[in-house]
Amino acid sequence: MSSYQKELEKYRDIDEDEILRTLSPEELEQLDCELQEMDPENMLLPAGLRQRDQTKKSPTGPLDREALLQYLEQQALEVKERDDLVPFTGEKKGKPYIQPKREIPAQEQITLEPELEEALAHATDAEMCDIAAILGMYTLMSNKQYYDAICSGEICNTEGISSVVQPDKYKPVPDEPPNPTNIEEMLKRVRSNDKELEEVNLNNIQDIPITMLSELCEAMKTNTYVRSFSLVATRSGDPIANAVADMLRENRSLQSLNIESNFISSTGLMAVLKAVRENATLTELRVDNQRQWPGDAVEMEMATVLEQCPSIVRFGYHFTQQGPRARAAQAMTRNNELRRQQKKR
């Protein structure tokens, strides 16, 4: 046991209550004031409030930050700098290091044919860069220089091996133009069963009223010429999904349906999948990128629909579960093989 621990041992059996009972009222009041003013372990208090004030000088006035900074700066300028032990004169001493030239041993010297030495002596930087790429010296050049030299049959590099690596310049891709489809005119043509109308494309039109989309799905029930129906990014929800499901139960000419990038929930997708079972002409179905993940039950239903509907040969959805993904891949392989055999016949 150390001496400090022995010193603490004599305070182990002290009765604090007995000591407090022997104190006078004035001493208890003074102790209470000391405990109120001192709290060094309270990190929430400023440093000046963690202990009682022991300053006996009277205050000279309120705090003037600018005057205090000027005073500290003046004090720092008036302090004499310490003299250097060895004054700096700027004189350079010693001799600069010159790396000695290394002579290449005779066994390491490479001799080329006179034609090759003459060709290398007059080669440009671009030609040397291509030669280095062919020899596999990819550490001497950028990736762009290396692949340009490997993939191209001609010398296309004009920068040289010692060029600075610069990012490739890509051409800006302009935004897609807005969909020019007139919805009212399209609805009239679908209702009149226009023979020249084979595709209904309403992609990226986000201000279509729900009633008009419902009327369009209702008109598609009796249409016999439309082969493709696309409602991508139209903010369609479950009411439109139910209208599409009712349309699939009666339509017998539609071959492609695309309802990606919408607000359809698992209930709406389940209604569409159940309707697909009653449709024998649909060959392509795309339902990916909805606002929320449909769930495991919907993915299992998708795999089941693909297994029971051999007419579907293209299906657009990114499965998150391994089981439905494997079943869907196997079903799509089988459906495409059946379609190939039917074409042979």
Handout entry: From CA spacing to verdict: salt bridge (Lys or Arg N to Asp or Glu O under 4.0 Å), Glu198, Arg227
Key = CA-CA 5 Å; Glu198 295 184 355; Arg227 299 291 183 267; over 6 Å; no

Please say whether more than 12 non-hydrogen atoms of neighbouring residues, nucleotides or ligands are located less than 6.0 Å from [atom1] in [X].
X      : atom1 : value
Gln206 : CD    : yes
Arg65  : CZ    : no
Ile210 : CD1   : no
Glu184 : CD    : no

Tell me if a side-chain donor or acceptor on [X] pairs with a main-chain N or O of [Y] at a distance below 3.5 Å.
X      : Y      : result
Ser311 : Leu282 : yes
Thr283 : Gln255 : yes
Asn262 : Arg235 : yes
Glu27  : Ser24  : yes
Asn279 : Asn251 : yes
Asn242 : Asp238 : yes

Rounded at 0.5 Å granularity, tell me how far [atom1] in [X] sits from [atom2] in [Y].
X      : Y      : atom1 : atom2 : result
Leu285 : Ile312 : CG    : CD1   : 5.5 Å
Phe229 : Ile259 : CZ    : CD1   : 10.0 Å
Lys221 : Asp246 : NZ    : CG    : 5.0 Å
Leu248 : Lys274 : CG    : NZ    : 14.5 Å
Leu254 : Glu284 : CG    : CD    : 10.0 Å
Glu218 : Asn223 : CD    : CG    : 12.5 Å

[X] to [Y] - nearest heavy-atom pair and separation:
X      : Y      : result
Ser266 : Pro294 : CB-O, 3.1 Å
Ala328 : Ala303 : N-CB, 4.3 Å
Asn193 : Thr222 : ND2-O, 4.3 Å
Ala271 : Arg249 : O-NH2, 4.2 Å
Ala219 : Arg191 : CB-CG, 3.6 Å

Problem - Passing option when Leu231 is tested against Leu213, Asn201, Ile264, Asn258 for side chain to side chain contact (heavy atoms under 4.5 Å, CB included) - result: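 So the option named by the test is Leu213.
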
Handout entry: Reference residue Asn336; test side chain to side chain contact (heavy atoms under 4.5 Å, CB included); the match among Arg334, Arg339, Met332
Key =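 Passing option: Met332.
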
Do [X] and [Y] come within less than 4.5 Å of each other through their side chains, counting heavy atoms only?
X      : Y      : answer
Met212 : Leu216 : no
Arg286 : Leu257 : no
Glu199 : Val226 : no
Tyr225 : Leu197 : no
Arg189 : Glu196 : yes
Met302 : Val287 : yes

For a quick check under 3.5 Å, do [X] and [Y] share a side-chain donor-acceptor pair by atom type?
X      : Y      : value
Asp194 : Ser192 : no
Glu299 : Tyr317 : yes
Asn203 : Ser230 : yes
Gln74  : Gln70  : no
Gln322 : Arg325 : yes

Exercise for the section: Could I get the full list of side-chain contact (heavy atoms from CB on, under 4.5 Å) partners for Arg277, not counting sequence neighbours? Expected result: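 Arg277 satisfies side-chain contact (heavy atoms from CB on, under 4.5 Å) with Glu301, Thr304, Val305, Gln308, Cys309 once adjacent residues are dropped.
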
